[in-house]
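Just so it is clear, the structure is predicted and the values come from calculations on it, not from any experiment. Heads up: numbering here begins at 1 and tracks the sequence.
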Amino acid sequence: MNRWLVMVAGPYRSGAVDDAGRRANLRALEDVALEVHARGHVPIIGVHVALPIIGAAGGDRYDEIMLPLCLRLADRCDAVIRIGGPSKGADAEVARVLAHGGRWLRSVAELPSA
């Protein structure tokens with residue numbers, strides 16, 4: 001079995017009214033990423049890649065960087081696991097993975113062991 005690059009997609013700002021809510025959303029993504037890693041695959045959370053770049057850019061460049069970068073990452077992923085509640089960004093990540101023939105997994109249990 002090959003190791004897959006698996007995007008973990010879910011809300012980050014959606015449904016979060018403050019920093020604590022965003023941290024809780026990110027923690028949920030991280031928990032699933034840990035499960036993906038435990039199965040021998042490589043998890044990717046777009047927010048983890050984008051936030052440092054947004055911070056380095058300064059100013060209010062969230063919208064300019066976050067989703068475009070996450071979608072570029074999705075283009076490289078073999079599969080996506082979608083978690084959590086409503087999120088247009090996470091739905092776009094799923095669509096992007098599917099557009100190039102990647103798999104949409106509803107849970108880590110659907111991921112084969114590497």
Side-chain angles (χ1 to χ4, degrees):
M1 164 64 42
N2 292 329
R3 282 176 171 65
W4 293 354
L5 183 60
V6 180
M7 176 163 271
V8 181
Y12 172 62
R13 287 196 316 183
S14 297
V17 297
D18 57 15
D19 286 340
R22 286 186 291 278
R23 282 193 303 273
N25 284 343
L26 189 55
R27 181 56 194 237
L29 293 165
E30 293 166 343
D31 289 344
V32 173
L34 180 59
E35 292 180 54
V36 170
H37 169 74
R39 295 194 64 116
H41 298 282
V42 180
I44 185 83
I45 300 171
V47 174
H48 274 205
V49 176
L51 285 178
I53 297 168
I54 292 166
D60 184 20
R61 299 185 60 192
Y62 183 95
D63 291 334
E64 173 190 341
I65 296 170
M66 179 61 79
L67 187 56
L69 182 55
C70 290
L71 294 178
R72 287 183 214 141
L73 289 168
D75 286 339
R76 311 286 278 182
C77 291
D78 302 298
V80 60
I81 296 175
R82 172 68 164 87
I83 68 163
S87 169
K88 290 180 183 178
D91 293 342
E93 291 169 343
V94 170
R96 201 66 168 258
V97 172
L98 293 175
H100 67 77
R103 298 180 188 200
W104 180 4
L105 309 174
R106 274 49 174 203
S107 73
V108 176
E110 293 181 32
L111 188 63
S113 294

(request) Could you grab the distance from atom CZ of Arg3 to atom NE2 of His37, nearest 0.5 Å is fine? (result) 9.5 Å

(message) Please say yes or no: joined through hydrophobic side-chain contacts below 4.5 Å, possibly via intermediate residues, are Met66 and Leu69 part of one cluster?
(response) yes

(message) Is there a path of hydrophobic side-chain contacts, each under 4.5 Å between heavy atoms, that joins Leu67 and Ile53?
(response) no

(request) Over all heavy atoms of both residues, which pair between Ala114 and Gly40 is shortest? Give the atoms and the distance, please. (result) CB-O, 3.3 Å

(request) Specify the closest pair of heavy atoms between Gly10 and Arg82, including all atoms of both residues, with the distance to one decimal. (result) CA-NH1, 4.0 Å

(request) Check Tyr12 against Arg22 and note the closest heavy-atom contact, atom names and distance. (result) O-CG, 3.5 Å

Can you give the donor-acceptor pairs under 3.5 Å from side chains of residues 92-105 to other protein atoms, not counting sequence neighbours?
| residue | atom | partner | partner atom | Å |
| --- | --- | --- | --- | --- |
| Arg96 | NE | Asp75 | OD1 | 2.8 |
| Arg96 | NH2 | Asp75 | OD2 | 3.3 |
| His100 | NE2 | Ala74 | O | 3.0 |
| His100 | NE2 | Asp75 | O | 3.3 |
| His100 | NE2 | Cys77 | O | 3.1 |

(request) Could you pull out the closest heavy-atom pair between Val8 and Val36, with the gap in Å? (result) CG2-CG2, 4.4 Å

(request) To the nearest 0.5 Å, tell me how far Ile81 CD1 sits from Leu111 CG. (result) 5.5 Å

(request) Would you give the length of the straight line joining atom OG of Ser107 to atom CD1 of Ile83, rounded to the nearest 0.5 angstrom? (result) 12.0 Å

(request) Verify the cluster assignment for Leu34 and Val49: are they in a single hydrophobic cluster under the rule of side-chain heavy atoms below 4.5 Å apart? (result) no

(request) Kindly state each residue pair satisfying side chain to side chain donor-acceptor pair (under 3.5 Å) with at least one member in residues 23-36, sequence neighbours excluded. (result) Arg27-Asp31, Glu30-His48

(message) Going by side-chain contact (heavy atoms from CB on, under 4.5 Å), name the residues that satisfy it together with Ser14, two or more places apart in sequence or in a different chain.
(response) Pro11, Ser87

(request) Sequence neighbours left out, what pairs pass salt bridge (Lys or Arg N to Asp or Glu O under 4.0 Å) with at least one residue falling in residues 52-70? (result) Arg13-Asp63, Arg61-Glu64

(message) Restricting to side-chain contact (heavy atoms from CB on, under 4.5 Å), what partner residues turn up for Arg76, sequence neighbours left out?
(response) Leu5

(request) Evaluate side-chain contact (heavy atoms from CB on, under 4.5 Å) for Leu26 paired with Ile45, printing each intermediate quantity in order. (result) CA-CA 9 Å; Leu26 189 55; Ile45 300 171; 4.2 Å; yes

(request) Group every Ile, Leu, Val, Met, Phe, Trp and Tyr by side-chain heavy-atom contacts under 4.5 Å, then state whether Ile54 and Val47 land in the same group. (result) yes

(message) Less than 4.0 angstrom from a charged side-chain N to a carboxylate O is my criterion; do Asp91 and Lys88 meet it?
(response) no

(message) Is any side-chain heavy atom of Asp78 closer than 4.5 Å to one of Val6?
(response) no

(request) Only counting residues at least two apart or in another chain, list the ones meeting salt bridge (charged side-chain N to carboxylate O under 4.0 Å, His left out) with Asp18. (result) none

